[in-house]
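Below you'll find the structure, written out as structure tokens, and then a few comments.
Not measured: the values here are computed from a predicted model. Counting convention: from 1, in listed order, for ligands and their atoms alike. All values below were derived from every heavy atom in this structure, side-chain atoms included, with hydrogens, water molecules and symmetry-related copies excluded. Residue indices begin at 1 and follow the sequence shown.
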Amino acid sequence: MIDHARNAAAFLQNPERARWHDQALWHVRQKRDLAVKALPEWEELRQAAETIKTHTLEHLGYYLERFEARAQANSLEVYWAEDARELRQIVAKLLQEHGARRVVKSKSMLTEECGLNPYLESFGIEVTDTDLGERIVQLAGDRPSHIVLPAIHLKKEQVAEIFARELGTDPAESDPFRLTRAARSHLRQKFLEADAAITGVNFALAEEGGIVICTNEGNADLGTALPDLHIACMGLEKVIPSARELGIFTRVLARSATGQAITAYTSHFLRPKPGGRLCVVMVDNGRSRLLAEGQEKLLSCIRCGACMNTCPVYRRSGGHSYGTVVPGPIGSALAGARDCREYASLPFACTLCGSCDLVCPVRIDLHRQLYRERERCIRVPEYRGKRRGLKAAALFLRYPGLRRTLMGILGSLLPRLPRSWVYNRFNLWGREHEMPRPARRSFSRLYREHKQ
Ligand code: SF4
């Protein structure tokens with residue numbers, strides 16, 4: 001069972017790292033704010049994006065079948081995978097049939113979710129992540145900690161060490177420009193040698209039967225340019241009705257993710273290249289269950305990462321503390337909805353401040369979703385103690401007279417007790433806080449006197 005509070009405490013052991021992690025993400029949030037303010041129609045775009053997503057998810061079966069038919073008419077091959085295992089098997093089979101030994105892969109949270117890399121590597125297939133941040137964490141033997149900025153938890157000096165160890169660069173060279181150049185020449189060779197390319201999918205266009213992939217580095221385009229086999233992996237929720245709606249999503253996605261007006265490369269794949277194959281694997285892996293359970297809001301996510309950048313808990317606890325592929329507010333809601341037992345602590349890793357709701361480009365009411373997940377996750381047996389505590393708190397809060405009397409007694413008693421009786425392992429709040437000295441006269445007494 002993931003213990004977010006314990007993982008966050010481990011992250012905070014290094015206050016310097018916690019500080020710059022917080023600042024780096026807040027900087028991205030501010031860039032997003034500036035980009036958004038430049039668009040007077042921003043709220044209308046959000047409203048439109050939400051409406052289109054809701055409509056598409058309500059008619060998901062229709063749009064998926066429409067996409068499949070139109071894609072097949074465009075000579076794309078379409079495969080359906082019920083779960084992660086099936087996705088892995090389909091991709092491995094396609095690669096083996098093609099005789100592929102070296103694969104370049106652009107960023108795809110879905111393939112992370114399905115554990116594709118280790119599976120393919122077990123067949124002796126070399127998989128190279130080509131997004132710079134993902135390549136850094138891959139070389140480090142680490143995991144991404146953010147869906148848009150996978151290596152945000154690493155400082156440039158740490159990247160210099162990783163590159164020196166893995167690519168033979170100068171360990172003292174931590175200039176981002178030079179590090180990027182080193183990564184570029186290393187990856188260029190991988191692109192030239194690749195037998196096949198794997199990509200994610202940002203949007204699948206039902207009407208046109210094509211897919212759209214957004215990257216800032218052009219790595220999906222470079223990866224798919226040479227090999228004859230392109231495998232695109234998409235979650236069922238990626239479909240949108242047609243190219244007419246695409247502009248709304250590309251506008252809100254880029255601004256929310258990095259504060260850019262447009263993602264550097266928005267590439268459309270409508271048919272295979274001459275002599276090549278373009279295979280689209282559509283993956284369910286629990287998505288239709290979420291839909292059936294009325295959690296369709298969570299499937300509206302376009303993976304921009306804005307809710308992470310703004311979340312005070314994420315910024316101060318790091319992506320790895322969530323133990324999930326997608327961290328932060330949306331990751332906590334999704335994980336809680338999928339496996340209440342394993343991820344019971346995640347919906348509680350939230351202050352319910354609602355900042356994520358305000359930035360989400362598709363207007364997911366994240367803090368309400370998290371609150372709902374809390375109500376479900378609190379029922380796991382491990383939270384028996386927490387449940388009892390909350391019941392006691394409810395009793396305490398329901399009766400003001402009882403609350404006043406008890407607080408009065410505690411206020412006069414606690415300061416007189418030995419410190420170790422108050423600040424001990426049972427007092428979690430007291431780990432980070434010092435109790436204020438109670439006032440000599442209570443607020444309600446002062447209020448009464450003042451009123452008289
Ligand atoms: S929930 Fe909203 S803000 Fe968070 S990643 Fe998804 S689309 Fe972006």
> Would you call Leu370 and Ser332 a side-chain contact if the rule is heavy atoms closer than 4.5 Å?
Replying inline: yes
> Can you name the residues that form a salt bridge (Lys or Arg N to Asp or Glu O under 4.0 Å) with Arg387, not counting sequence neighbours?
Replying inline: none
> Which of the atoms in ligand 1, numbered in the order shown and given with their element, are less than 4.0 Å from a heavy-atom of Gly305?
Replying inline: 5 (S), 8 (Fe)
> Stepwise, does the ring-ring contact (aromatic ring centres under 6.0 Å, His included) test hold for His55 with Tyr63?
Replying inline: CA-CA 10 Å; His55 165 82; Tyr63 282 115; 5.5 Å; yes
> After noting the C-alpha distance and the side-chain angles of His4 and Tyr322, does the key distance pass the ring-ring contact (aromatic ring centres under 6.0 Å, His included) rule?
Replying inline: CA-CA 6 Å; His4 180 272; Tyr322 292 79; 4.6 Å; yes
>> So that I can tick it off, tell me whether Arg70 and Glu208 are bridged by a salt bridge, with the cut-off set at under 4.0 angstrom between side-chain N and carboxylate O.
In response: no
> Within 45° of the six-membered ring axis of Phe67 and under 6.0 Å from that ring's centre, is NZ or CZ of Lys238 located there?
Replying inline: no
>> Taking 2.8 Å as the limit, list every protein N, O or S atom around atom 2 (Fe) of ligand 1, by chain and residue number.
In response: Cys360 SG
